[in-house]
Amino acid sequence: MRARTTSDVLEAAAVLRTGGLVAFATETVYGLGANAFDARAVAGIFAAKDRPFFDPLIVHVAGRDQASELAATALETATALMDRFWPGPLTLVLPKREVVPDLVTAGLGTVGIRLPDHEQARELIARAGCPVAAPSANLFGHVSPTTAEHVAEQLGERIDVILDGGPCRVGLESTVLDLSEDRPVLLRPGGTTQEAIEAVIGPIVVRTAAVPGKAAPAPGMLDRHYSPRTKLRFWDPETEVVPRGRVGVLSLREITCDARLQTTIALSPSGDLAEAAAGLFAALRRLDAAGLDVILAERFPDEGLGRAMNDRLRRAAAE
Ligand code: TXA
Ligand code: MG
């Protein structure tokens with residue numbers, strides 16, 4: 001069976017209501033959604049993605065009231081962050097309520113919740129009449145999709161409907177912030193910068209790698225993740241020579257290139273990190289399809305969205 005691609009929100013909402021799987025656009029990346037209260041439908045997400053069950057899903061809501069039905073949202077920090085960043089690319093991990101199935105949270109006592117800054121996504125959730133559990137709509141470990149075509153390539157044979165909402169504006173996944181401990185912990189850098197969060201709630205703890213002796217890390221924290229098939233490594237154009245073979249280069253601005261380079265992609269000629277982030281995953285897909293021996297990636301400035309992009313490249317580069 002091949003997924004239908006549609007731009008009809010009502011049709012997609014009806015599929016969610018009857019236990020089907022719907023890929024949909026958000027401002028960050030495309031998600032693969034199911035009714036969060038329907039454990040059987042949620043199990044279908046894991047099957048379609050080949051995703052291990054220990055990896056909890058983010059639940060998407062259409063408004064703050066719906067978030068309060070799923071988790072304890074009254075915390076002062078949570079309220080301040082929602083006021084400032086919702087709707088938007090910030091997932092808050094909060095103590096969950098009984099109604100949330102264990103499958104959604106991988107048995108954890110917390111649930112990650114997000115209100116997407118995408119009109120069509122919110123309408124889909126509202127029309128479905130239920131919160132929507134959704135990981136990124138790619139096979140586990142691969143690059144997240146930022147267009148409906150990307151979803152069709154990887155999951156077209158495995159899901160019911162792709163709701164086409166155009167290319168994703170942000171292009172990087174949401175920032176995941178855990179508010180269930182004594183101090184806020186950043187689990188995944190993403191579309192909302194650490195600097196912006198700290199401007200609202202003060203210093204936060206950053207824990208984006210596994211802590212030895214602690215429970216399984218959040219899978220966005222797996223060392224190898226967000227990966228193209230082609231080998232990728234960081235490369236400094238100032239100091240390193242270009243290796244032999246078929247080489248692709250990913251950079252922020254245009255760089256003067258060696259004639260042997262096969263494919264070069266500059267993500268933002270003006271050096272704008274938001275523009276670069278929006279094109280990052282599509283660029284990785286293009287380079288991956290170019291039949292290269294290696295992808296060389298320039299490191300982004302270690303600030304703002306640059307941190308999230310470096311995080312994805314580091315995981316893509318991991319053996
Ligand atoms: O932008 C996004 O966040 C996209 C769109 C579709 O919303 N979704 C996304 O989902 O990237 P996914 O499943 O690919 O990544 C979710 C991350 C994972 O690293 C997961 O471990 C973490 O969020 N996460 C979810 N619930 C959690 C929880 N209760 N505790 C800790 N980490 C959690
Ligand atoms: Mg993902």
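Both counts, for ligands and for their atoms, begin at 1 and track the order of listing.
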Rounded distance [0.5 Å steps], CZ in R122 versus CG in D117
6.0 Å

Do the side chains of [X] and [Y] get close enough for a salt bridge, i.e. N-O under 4.0 angstrom?
| X | Y | value |
| --- | --- | --- |
| R114 | E173 | no |
| E240 | R233 | yes |
| R64 | D83 | yes |

State if R51 counts as touching ligand 1 under the rule of any non-hydrogen atom under 4.0 Å.
yes

Non-hydrogen atom of T105 closer than 4.0 Å to ligand 1
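T105 does not count as a contact of ligand 1 under the 4.0 Å cut-off.
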
Show the atoms of ligand 1 that are less than 4.0 angstrom away from any heavy atom in [X].
| X | value |
| --- | --- |
| V176 | 23 (O) |
| T28 | 1 (O), 2 (C), 4 (C), 5 (C) |
| L187 | 31 (C), 32 (N) |
| S136 | 8 (N), 9 (C), 10 (O), 12 (P), 14 (O) |
| H60 | 5 (C), 6 (C), 7 (O) |
| L108 | 28 (C), 29 (N), 30 (N) |
| G31 | 6 (C) |

Side-chain touch V61/I113, heavy atoms, less than 4.5 angstrom:
yes

Nearest neighbour of atom 20 (C) of ligand 1 from the list L32, V185, D55, V104, on a heavy-atom basis
D55

Would you kindly confirm whether V100 and L103 end up in one hydrophobic cluster when ILVMFWY residues are joined by side chain heavy atoms under 4.5 Å apart?
yes

Report the part of K96 (side chain from C-beta onward, or backbone N, CA, C, O) that has a heavy atom under 4.0 Å from ligand 1; answer both or neither where that applies.
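Under 4.0 Å from ligand 1, K96 contributes no heavy atoms.
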
Is the shortest N/O to N/O distance between T26 and ligand 1 below 3.5 Å?
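Not met; the criterion fails.
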
Hey, does T91 come in under 3.5 Å of ligand 1, counting only N/O atoms on both sides?
no

Where does the angle between the aromatic ring planes of F46 and F53 fall among parallel (under 30°), tilted (30 to 60°) and perpendicular (over 60°)?
tilted

Test item: side-chain donor near acceptor, T28 and S174, under 3.5 Å:
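Distance-only check fails for T28 and S174.
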
May I have the step-by-step check of salt bridge (charged side-chain N to carboxylate O under 4.0 Å, His left out) for R315 and D311, ending in yes or no?
CA-CA 6 Å; R315 291 174 208 279; D311 171 84; 2.7 Å; yes

State whether S136 contributes an N/O/S atom found under 2.8 Å from the Mg ion (ligand 2).
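S136 does place an N, O or S atom closer than 2.8 Å to the Mg ion (ligand 2).
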
